[in-house]
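One structure is given below, encoded as structure tokens.
As the structure lists them, so they are numbered: ligands from 1, and atoms in each ligand from 1.
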Amino acid sequence: MVTVTQLREFIRYAWERAPAVRAQLNSVGMTPEDFKNLDDLVKIPVLPKKKLMELQRDHPPFGGWNAVSVGEMQRIFTSPGPIYDPQGAGEDFWRWAPALREAGFGPGDLVLNTFSYHLTPAGFMFDSALRSLECVVIPAGVGNVEIQVEMMKSLGATGFTGVPSFLMALIKKAEEKGYQFREEFNLRKAFVTAEKLPETMRTHLAQDYGIEVFQGYGTADAGCIAYECTERKGMHVGKEVVVEIVNPDTGDPVPPGETGEVVVTLLNKTYPLVRFGTGDLASLLTGSCPCGKETPRLSGIFGRVDEAVKVRGLFVHAQQIKKIFDDFPEIKRYQGRVNRSGYRDELELWVEPAQTDTFNSGLVARIKDRAREILRLRVLVRQVAPGTIKEESVLIDRRKWD
Ligand SMILES: [Zn+2]
């Protein structure tokens, strides 16, 4: 975990070299000496992604956030925005190696890296991390599913990095070609990010194909932010990163366990982002991890801030509603409905049980408990007749504002 001394040293470094960091501190009258404890970070305004984009446009290429000159960098990428992303010195610049090591990747592994190598940084992010762990990389990139399947098989690839849906697509293609995936392929480990990994898919991949899947969270701008340990219950915040969960309207941290925007401070010598607002929605898990690591854990990423609705001041995202019902196979269909009752917001969960006789007060209580755990909200649960839930969306906002 980052200490206050490390943070102050880093802020001083960035303040001296990156004009944008200096301006960010100046805007609230702060200097590096004002960092007496970690909470002092909160006094610095959050840098939203949109503002980073504008600053880059006005002061190309990096908007003044780079602490080294362009000539000292390894590569420059672009991500949607457009935003330019630098790769500075070092063999694992984006810090994914510890995440991959935790997922079991190591010397001699032959890994199919299916992230794109073109323009965006993801391909090189994982390539460099895998190489630093002495894995052999097949730089597969996106597409060419058929060729990738043949390479995986004939080379005996042992690992996969990419998005989970692409791993499924490769397996399906192998099966279409008449291969027995589990018997004829050596692929047994996968690291995925950048896309939702449903727990049902993780179980399916483990049970039916013998593939252990780990996931991480990062962005093109920041690299690795958090990743799963062997417990696979939440993602530990990575090294050189300070994560805050904040109210996006004010930039203030929310109470522990509540949902808010992920804001990261990156102790990076090339690209020192201070309080960068990712626009992603998550919460921090309370309590310690059985693995023994002391670093804070992210619950998982629920989605984008601008897709969420606010209920009694708390963010609720459709993915959170899905997460509640992951644990209830006895519920066939469900939908979260936000209503206004007097001056109060209500979140009502409509549920259609698979069999009506399984629905009882014990089940309702368990759903309410799980909802409370995930949303930090008291919810109402209502059983509805089969076929009542019409809309596809699992979360709808029915409030009328006059
Ligand atoms: Zn852990």
Side-chain angles (χ1 to χ4, degrees), residues 1-3 6-7 38 92 94-106 109 111 125-126 129-130 132-133 135 159-161 163-164 167 188-203 205-207 210-219 222-245 253-267 278 280-302 319-320 323-324 326-327 369-370 372-376:
M1 259 191 302
V2 174
T3 66
Q6 282 173 314
L7 182 70
L38 288 175
D92 178 28
W94 295 279
R95 312 167 313 282
W96 285 105
L100 292 164
R101 192 184 296 117
E102 196 79 23
F105 290 74
D109 266 320
V111 183
M125 279 189 183
F126 284 90
L130 289 164
S132 80
L133 294 175
C135 298
F160 167 93
T161 50
V163 295
L167 176 57
R188 292 296 172 265
K189 56 190 96 166
F191 187 89
V192 301
T193 184
E195 190 182 274
K196 179 90 187 151
L197 170 68
E199 284 305 316
T200 47
M201 191 194 281
R202 169 140 61 188
T203 309
L205 286 163
Q207 287 179 352
I211 303 171
E212 291 301 329
V213 185
F214 283 69
Q215 63 182 332
Y217 163 60
T219 71
C224 178
I225 294 172
Y227 56 89
E228 288 179 333
C229 63
T230 48
E231 297 290 327
R232 288 184 275 187
K233 292 194 178 86
M235 297 182 276
H236 287 275
V237 172
K239 57 178 185 176
E240 296 174 24
V241 185
V242 178
V243 166
E244 300 168 80
I245 304 295
V254 299
E258 271 186 23
T259 300
E261 182 182 5
V262 180
V263 165
V264 298
T265 296
L266 200 61
L267 277 63
T278 61
D280 291 321
L281 209 57
S283 61
L284 283 172
L285 293 171
T286 50
S288 53
C289 184
C291 80
K293 275 194 263 299
E294 301 279 332
T295 47
R297 278 176 303 157
L298 285 175
S299 57
I301 302 302
F302 299 123
Q319 291 300 339
Q320 291 175 298
K323 190 167 174 158
I324 295 169
D326 274 352
D327 294 347
D369 283 351
R370 188 72 181 127
R372 188 115 204 243
E373 232 171 76
I374 291 174
L375 305 172
R376 303 270 148 169

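Side chains of Thr278 and Glu261: no donor on one and acceptor on the other come within 3.5 Å. Residues Ser299 and Ser283 have side chains that bring a donor and an acceptor to within less than 3.5 angstrom of each other.
In this structure, Leu100 and Leu130 have side chains that are in contact, with non-hydrogen atoms separated by less than 4.5 Å. With contacts defined as side-chain heavy-atom distances shorter than 4.5 Å, the pair Phe160/Ile211 does not qualify.
Near-neighbour remark for the Zn ion (ligand 1): protein N, O or S atoms under 2.8 Å are Cys229 SG, His236 NE2, Cys289 SG, Cys291 SG; waters not counted.
A salt bridge is absent between Glu231 and Arg297; no separation between the charged side-chain nitrogens and carboxylate oxygens falls under 4.0 Å.
Here the options are Arg188, Lys189, Arg202, Arg232, the test is side-chain hydrogen bond (donor to acceptor under 3.5 Å, both in side chains), and the partner is Glu212; only Arg232 passes.
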